[in-house]
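Read the structure below first, then the notes.
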Amino acid sequence: IHLAAGAPSRAVPLLKAFIEARTQTEDGLTARLALGRAYLDLKKHSEALLCAEEILRAKKNITPSLRVRALQLKARTLLAQ
């Protein structure tokens, strides 16, 4: 919610708490993608890249769509550095 409202710094702790509870589920991986986008908005490139790479390393619960979005996050992050 905060991320969509343009407040990525407020979204980060909420997303981290959600990810901790749902680590390797599809919802948890989707939240990690949102966390990576928040980090990118905050210009925390190494954290955003780490989020993308953690999603791409997931063995289960990663849909093709989520994989593509993680690759997009990784590319956007690398271009922004």
Side-chain angles (χ1 to χ4, degrees):
I1 294 170
H2 294 294
L3 187 58
S9 61
R10 292 196 315 223
V12 168
L14 299 172
L15 289 166
K16 284 177 144 182
F18 186 83
I19 291 165
E20 188 174 316
R22 306 290 307 256
T23 307
Q24 290 297 315
T25 65
E26 184 177 353
D27 289 340
L29 294 172
T30 301
R32 190 172 301 281
L33 181 68
L35 180 62
R37 288 195 316 259
Y39 281 139
L40 186 58
D41 289 346
L42 294 168
K43 301 195 182 333
K44 294 186 174 186
H45 300 119
S46 60
E47 290 91 337
L49 188 59
L50 181 61
C51 286
E53 289 174 346
E54 287 174 349
I55 295 166
L56 294 170
R57 280 196 300 267
K59 300 292 184 211
K60 300 187 310 187
N61 298 317
I62 184 165
T63 63
S65 173
L66 185 56
R67 181 174 295 282
V68 167
R69 290 184 293 160
L71 287 168
Q72 288 173 328
L73 173 62
K74 184 174 182 177
R76 287 181 53 214
T77 301
L78 291 170
L79 288 171
Q81 290 182 337

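These values consider heavy atoms only, across backbone and side chains, with no hydrogens, waters or symmetry-generated copies. Remember, predicted model here, so these are calculated numbers, not experimental data.
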Pairs where residues 11-27 contributes a residue and the test salt bridge (Lys or Arg N to Asp or Glu O under 4.0 Å) is met, not counting sequence neighbours = R22-D27
inquiry  = Under 4.5 Å side-chain heavy-atom separation, chaining through any Ile, Leu, Val, Met, Phe, Trp or Tyr, what else clusters with L78? Say none if it is isolated.
reply    = L49
key: Apart from L50 itself, residues in the same hydrophobic cluster as defined by side-chain heavy atoms under 4.5 Å   = none
ask   = What heavy-atom pair brings A48 and G36 nearest, and what distance separates the two atoms?
value = CB-O, 3.4 Å
query = Which residue pairs pass the side chain to side chain donor-acceptor pair (under 3.5 Å) test with at least one member in residues 49-71, sequence neighbours excluded?
reply = R32-E54
task = For L15 and A31, work out which heavy atoms get closest and say how close.
result = CD2-O, 3.9 Å
inquiry  = I need the minimum non-hydrogen distance between A52 and A70, along with the two atoms involved.
reply    = CB-O, 3.6 Å
ask   = When clusters are formed from ILVMFWY side-chain contacts under 4.5 Å, directly or step by step, what else is grouped with L73?
value = L29, L33, L40, I55, I62, L66
request  = Only pairs at least two apart or in different chains count here, so list each side chain to side chain donor-acceptor pair (under 3.5 Å) that has a residue in residues 72-81.
outcome  = none
query = Looking only at heavy atoms, which two atoms of G28 and I19 are closest? And how far apart?
reply = O-CG1, 3.8 Å
